[in-house]
Amino acid sequence: MSHDIPPRQACFPIRVVMEMTGLTARQIRYYEEQGLVKPDRNEGNQRMFSLFDIERLNTVKAYIEKGINIAGIKAIMSSDG
DNA sequence: TTTCTCACA
DNA sequence: TGTGAGCA
């Protein structure tokens, strides 16, 4: 790859996270509000999701699909990351 | 053009 | 949770 190397960690805008997780922007922002993910913020105050955030959101999605609510997911991820 | 926050249904 | 308005 002679284009460019990862400056620090691969980060993506919510648009990409949306497609990678299958979640809506609303859900992603809501889960962040609940403390399930903590994406960084760029100069324009936009969320910059790392690979870890995306994987975490996928975990959250899996729990939601299992019928677990935010409180339950928070307890699970908080006790056994 | 895309994302952000806030408020409403 | 979805949608719309107004802004950067």
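Chain identifiers are assigned alphabetically (A, B, ...) following the order of the sequence lines, protein sequences preceding nucleic acid strands; residue numbering begins at 1 within each chain.
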**Q** Check whether any side-chain nitrogen or oxygen of A:Thr24 sits under 4.0 Å from OP1 or OP2 of C:dG2, and answer yes or no.
**A**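 Answer yes for this pair, as a side-chain N or O of A:Thr24 is under 4.0 Å from OP1 or OP2.
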**Q** Got a sec? Which of residues 61-75 of chain A come in under 4.0 Å of DNA chain B, heavy atoms?
**A** none
**Q** Going by the rule side chain to side chain donor-acceptor pair (under 3.5 Å), which residues pair with A:Ser50 if we only count those two or more places apart in sequence or in a different chain?
**A** A:Asp53
**Q** In residues 14-24 of chain A, what donor-acceptor pairs under 3.5 Å come from side-chain atoms, sequence neighbours left out?
**A**
| unit_1 | atom_1 | unit_2 | atom_2 | d |
| --- | --- | --- | --- | --- |
| A:Thr21 | OG1 | A:Val17 | O | 2.7 |
| A:Thr21 | OG1 | A:Leu23 | N | 3.2 |
| A:Thr24 | OG1 | A:Gln27 | N | 3.1 |
| A:Thr24 | OG1 | A:Gln27 | OE1 | 3.3 |

**Q** Where along residues 31-49 of chain A does a heavy atom come under 4.0 Å from DNA chain C, residue by residue in number order?
**A**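 A:Tyr31 - these, ordered by number, are the residues of the stretch whose heavy atoms sit under 4.0 Å from the strand.
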**Q** Only Watson-Crick and G-U wobble pairs with both distances less than 3.5 Å should count. Give DNA chain B in dot-bracket notation, marking inter-strand partners with |.
**A** .|.|||||.
**Q** Where do A:Pro13 and A:Phe49 come nearest, in terms of heavy atoms and distance?
**A** C-CD1, 4.4 Å
**Q** I'd like to check A:Arg56 versus A:Tyr31 (side-chain heavy atoms, cut-off strictly below 4.5 Å). Are they in contact?
**A** no
**Q** Check whether any side-chain heavy atom of A:Asn69 lies under 4.5 Å from a side-chain heavy atom of A:Tyr63, and answer yes or no.
**A** no
**Q** Residues in salt bridge (Lys or Arg N to Asp or Glu O under 4.0 Å) with A:Lys74, at least two apart?
**A**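 Scan of A:Lys74 (salt bridge (Lys or Arg N to Asp or Glu O under 4.0 Å), adjacent residues dropped) gives none.
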**Q** What pairs meet the side chain to side chain donor-acceptor pair (under 3.5 Å) rule with one or both residues in residues 33-44 of chain A, with sequence neighbours excluded?
**A**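 Only A:Glu32-A:Arg41 qualify under side chain to side chain donor-acceptor pair (under 3.5 Å).
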**Q** Between A:Phe52 and A:Val37, is there a side-chain heavy-atom distance shorter than 4.5 Å?
**A** no
**Q** Pick out the pairs of N or O atoms, protein on one side and nucleotides 6-9 of chain B on the other, that lie under 3.5 Å.
**A**
| unit_1 | atom_1 | unit_2 | atom_2 | d |
| --- | --- | --- | --- | --- |
| B:dC6 | N4 | A:Arg26 | NH1 | 3.2 |
| B:dC6 | N4 | A:Arg26 | NH2 | 3.0 |
| B:dA7 | N6 | A:Arg26 | NH2 | 2.3 |

**Q** With the side chain counted from C-beta on, respond yes when A:Tyr30 and A:Leu36 share a heavy-atom pair under 4.5 Å apart, and no when they do not.
**A** no
